[in-house]
Amino acid sequence: MKHKNMSYPDSIEYLAKQAGLNPESGIIKDSNYVENNYASLRNIMIEANKFYTSMLKQSEGIKKYLDKRQVNRDMWKKFELGFAGSQSNELYLHLKKIGYTVDIPKNIQELKEKLLEGNSEEYSSDANVVHRTPVDDYVSQSRWLGEVEDIWGVAPGKIDTDGDSIYVQGLTLGNVFIGVQPAFGFEGDPMRLLLEKGHAPTHSFCNFYKYLRDNFKADVLLHYGTHGALEFMPGKQVGLSEKCWPDRLIDDLPNFYLYASNNPSEGTLAKRRIGATLISYMTPPVCEAGLYKGLEELHALLDSFYNDVQNNRVEKFEENSQNALIKMIFDKAKQLDLVEEDIDHTVMSTSALFDEMGRLRSKLVEYQQTLIPNGLHIVGGMKSKSEIIDILSAFSKNWIESNITLRDMNLSEEILNFIQGNRVSMVSNILRNDTLKTILDGIKDEKFEKIQVEETEKVTIISQLSLLAELLVRTKDLIAEDSELVGISKALQGEFIEPAAGGDLLKNPDVLPTGRNIHGFDPFRMPSAFATIEGARQADQILQKAVSDSGSLPETIAVVLWGTDNLKTEGSPIGQVLHLMGAKPRFDSYGRLAGASLIDLKKLGRPRIDVMVTLSGIFRDLLPLQIKTIAEAAFLAASADEPPKENFIRAHALEDCKKYNCDLKTAALRVFGNSEGTYGANVNHLIENSCWEDEEEIANVYSKRKGFAYGVDGKPVRNELVLENVLQRIDIAYQNLDSVEVGITTIDTYFDTLGGLSRAVKKAKGKLNQSKVSASEDLPVYIADNTQGKGSIRGISEQVALETRTRALNPKWYEGMLSHGCEGVRQIEAQLTHTLGWSATTGQVQPWVYQQMTETFILDEEMRERISELNPQACSRVVNRLLEATKRKYWNPSEKVISSLEQVSQDLEDKLEGVTEGVST
Ligand code: BEZ
Ligand code: MG
C-alpha cells in the first residue's frame, strides 16, 4: 500500500510537489499553468494511475480501504486534465505544449457544448456557426459556380444557409479551428442517390474549404477520423486534375489525416485523392465478449446439466429433478430467443436432447469467446494494464491458431492445449516485465515431459513460441509508446512521418508503433502464393456450407470484394473467387501478376462455379490488375470446351449468347461495380435517411450505382441486361468480414454492398417467374469470417444475432461505449440503424433483436435517462428507428411497447425543442 513508503493520496501529493505543483490549490485549472507544466502533470497522472492499478490488484481489503477514503481512479480529475479518462483533451493540450496558441476548454463537456450547441439555436444549424459567408462574396469568388448550381440550384442552395449567407460550422480556439465537415447533401433527397455518375459538392461544402484557406488562412489541415466526405467527391481515381473535386477543394493546403491503422485501403485512397499524409491511430483493444445476465444464467444451468452427465446422473430423464433442470434450460433458452418454440423435452429422444444441449452450449461458447472492441481509442491516451493484457492475449491466441507451421504438424488436442497454456503464462510474465531472456528460458524449461510429444515436434514448438515471445515483448513496449502525438507534432513541424504497413494489430504487429503514414501493398504480387492457398481453402469452406444448408452445389455465387480485406490478407478473397471458378493467378517471369489460367477440371474435382463479383469503388481504384485477372478467369472458363454440367460459367454464357444474340465476351461479363470516379451503392444513405417506401427502391438504387460491368480490358460499361441476367441466377451471396473490430452492424457499408446486392437479386428473381429460387424465398446470404484461426461462415441472421448479443446488448460493450459520453450513444444508435439496414435489404434479422434493444435501452428507465442525458439527439434517433422497425413490420411488439416508444419519442422531441410542460423556452 506504499508508494515510496507513502499512502496513495500522499504519494500523489509527493509527486506533485516534486514537480513543483500544489494539486489542491486549483491553480491547475488555469490553462497557462497547464501549458507551462504539461510534462510534469502528465507524469504525475501516469505514476498515480499505475500505482492505483497495482494496489487494486493486491487485495480486496486494500480496495475497501481506498473506497472508504474515497480514493479512486477519478483522483486525476482534480487536475482537470484528461489523463486515462475516456473523454480526453489530450490532443489540444499537446498542441499547446508544442507551441500552438490554443484556448483549451475546461473539459470535454465544455468543448462539446461550445461546438455542438454554441449559437446553433440562433441559426437553426447543427453546430455552432463561426462564420457566415455573404452569398455575394461566395458567388463572386466561386470558380465552379455553374457546375455546383447545375446540381444544387442557385447559390446559396438550401443547405447550411439562411438565404443571405452560407454557414461555416465549427469552433475557433485561439489559432486552432475545429471545423464540422458539411454533409454530402444527399440527405432527405432520394433522387440524388440514383445519380450513377458524378455530381458536385454542395455550395456549403465548397465554401467550407474556401473558408479554411482564404478566411481562416490555415497553414495546415488535420482531417480526423477515417472515411470522411472530401476524398469521396467525384473526379478521377488517380492523377487528379483541375476538373476533379477533391483536388479543387483541397488545392495546395498541407493535409494530414489521422487514420485508423486497420484501414489501409480507404487510407491510401485519401492519400491519392486529397494528397493526405496519414498519421495512423490504434484501433480500440479487443476483448472477449464474455456472458452476462440471462446468458450467464443459462451457462450455469448447462454446467449443472453436464455435471450430472459426468456423474452419470442423466441416464433416466424421467426422474423429476432432471426434468426440472432440463425444463429450466429450455425455458431460459426460449426467453433468450435461442430456441424458436417452446420445447417439450419429454417427447425428445435422448440423442436429440443431447444435440440440442450441445448446440446451446456451443452457441454460448461462441458468444463468450467472440472478440469485441472495448470502448474507443483516444489519441494520446494511455492504455491500461488490462487493455494491454486483452490485446496481447487476443493477438497471441490468433497467432497460434493461424500459424501455418503448427497447423501443418497436425498436433494432438493435448499438445495444442499445452501450447495455448504456455502463451497464457507468457503474456502474464511479459506483463510482469520479465526480460525476454527469462521468458525464452522459461519456454525451454516448460514441462514437456508431461505431454506426449516427439522430439522434433518439441523443437519446432519451442522455436515458434520463442518467435511469439519476441513479438509479444516488442508489441507491449510499442503499445506504451506515445507515438501518435509525436506523429502529429512531426507532421505539424514539417518533419518526416515514417511509413508503416496498415492492417489489423491482431494479425500484424508491424502496424505498431502507430503515428505513422500507412501504405498498402505491392499490386503485382496479389494474390500471393499464401493467399491463393488460403483462398482456395476458404472457398471450399463456403461451398461446404452452401451444400450443407441447401443440399446441392450452388451454380452461381455472388461475392462482394472490398479493398481492405484483400490488402490485409495478401488477396485471399481474390484467391477465393478464382478458386470457385476453377482458376488461379498467372505470373510473368518477373513474378508479376499477368492474368489468370484455368485449373484442370480433373484436378479441381468439381464443376467450375459461376461467380459474379461486385466491387467496392475502393477495390476498383486499388486493384485494376486483379479486376482484369478475374474478368479473364471468367472469360477463359466461358470459352473452355468443357461439358456444361462441369462448367456452370460456360453453360450460362452459352445460354445467354443464344438468348440475347450477343458475343461470348459480353455473355461472360462477371465483374460489376460503380462507374469511374464514384463510390458506394448509396443504399446506406437511403436507409439512414429513411427516405424510401418499398424495398424495390433499394434494389433500384443499388443497380443504378453498381451496374457497370468490367471486362478483360478493365473498362466499365453500363450493361443492365447482363447485370439483371446474372442477378437472376444467383444461388448464394457472401462477403468476407474485414476485421474483428468492425462488425457488419458497426458500419453502414456492409449492408450497402452485400445487403444492396441481396435486394437487387431478389428483385431480379421476382421478375423471372421460372427462377430456381422463388422470389418470396430468402436468398442465402453469408458472412465469411476469416479474421481469426480457420474462420467460420455465418448466415446474416446468425451474424446479426452474434453481434447483437456480444456487442449491443452486452454491458461490457455498451458500458465501454457510454464511458465516452455522447459518442457512445451515437455508436449504439449506429448499431441499431445498420441492423435495420439488414432487415431492409435481406429481411433476415430476427424480431427479438429489436425487442431486446428496446428493453435494454428504452424501457429500462435508468438507462433511457442516462443515454438521453448524454446525447438526446442520438437517443431520439434510437427510439424513432425502433418505431420505424415496427412500421416496416420487421418486428411486431405489443401495443404497450409501441405506445411507450411513441411516448418517449414525443418526450424527447419536446426536450430537443426545449419545451417543458407545454411552455416554450
Ligand atoms: C474497401 O476497402 O473496399 C471498403 C472499405 C470500407 C467500406 C467500404 C469499402
Ligand atoms: Mg457513413
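Because the structure is predicted, anything quoted here is derived from the model rather than measured.
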Under a plain distance cut-off of 3.5 Å, with no hydrogens placed, do [Y] and [X] share a side-chain donor-acceptor pair?
{"X": "Thr753", "Y": "Gln735", "value": "yes"}
{"X": "Thr283", "Y": "Asn262", "value": "no"}
{"X": "Tyr679", "Y": "Asp621", "value": "yes"}
{"X": "Asn736", "Y": "Gln576", "value": "yes"}
{"X": "Thr749", "Y": "Asp752", "value": "no"}

Would you give the length of the straight line joining atom [atom1] of [X] to atom [atom2] of [Y], rounded to the nearest 0.5 angstrom?
{"X": "Leu269", "Y": "Leu622", "atom1": "CG", "atom2": "CG", "result": "7.0 Å"}
{"X": "Ser792", "Y": "Glu798", "atom1": "OG", "atom2": "CD", "result": "8.5 Å"}
{"X": "Glu688", "Y": "His834", "atom1": "CD", "atom2": "NE2", "result": "5.0 Å"}
{"X": "Arg608", "Y": "Arg606", "atom1": "CZ", "atom2": "CZ", "result": "9.0 Å"}

I want to check something: taking the side chain as every heavy atom from C-beta on, are [X] and [Y] in contact at a cut-off of under 4.5 Å?
{"X": "Tyr890", "Y": "Val845", "answer": "no"}
{"X": "Ser839", "Y": "Arg888", "answer": "no"}
{"X": "Leu664", "Y": "Leu654", "answer": "yes"}
{"X": "Lys507", "Y": "Thr569", "answer": "yes"}
{"X": "Met526", "Y": "Gln626", "answer": "yes"}

Problem - Side-chain donor or acceptor of Arg650 paired with backbone N/O of Asp641 under 3.5 Å - result: no
Restricting to non-hydrogen atoms, name the atom on [X] and the atom on [Y] that form the minimum distance, rounded to 0.1 Å.
{"X": "Val726", "Y": "Leu669", "value": "CG2-O, 4.2 Å"}
{"X": "Asn786", "Y": "Gly791", "value": "OD1-CA, 3.7 Å"}
{"X": "Cys657", "Y": "Ala667", "value": "SG-CB, 3.8 Å"}

Practice task
Evaluate whether atom CG of Asp663 has more than 12 neighbouring non-hydrogen atoms of other residues, nucleotides or ligands under 6.0 angstrom away.
Solution key: yes
Exercise for the section: Go through the steps for Lys659 and Glu655 under the test salt bridge (Lys or Arg N to Asp or Glu O under 4.0 Å), then give the verdict. Expected result: CA-CA 6 Å; Lys659 194 158 134 199; Glu655 248 174 56; 5.8 Å; no
Problem - Pair Glu632 + Arg586: basic N to acidic O under 4.0 Å - result: yes
Handout entry: salt_bridge(Glu534, Arg407) N-O dist < 4.0 Å
Key = yes
Practice task
Run through Val559, Asp610, Thr614, Val611 and flag the one making a side-chain contact (heavy atoms from CB on, under 4.5 Å) with Arg670.
Solution key: Asp610
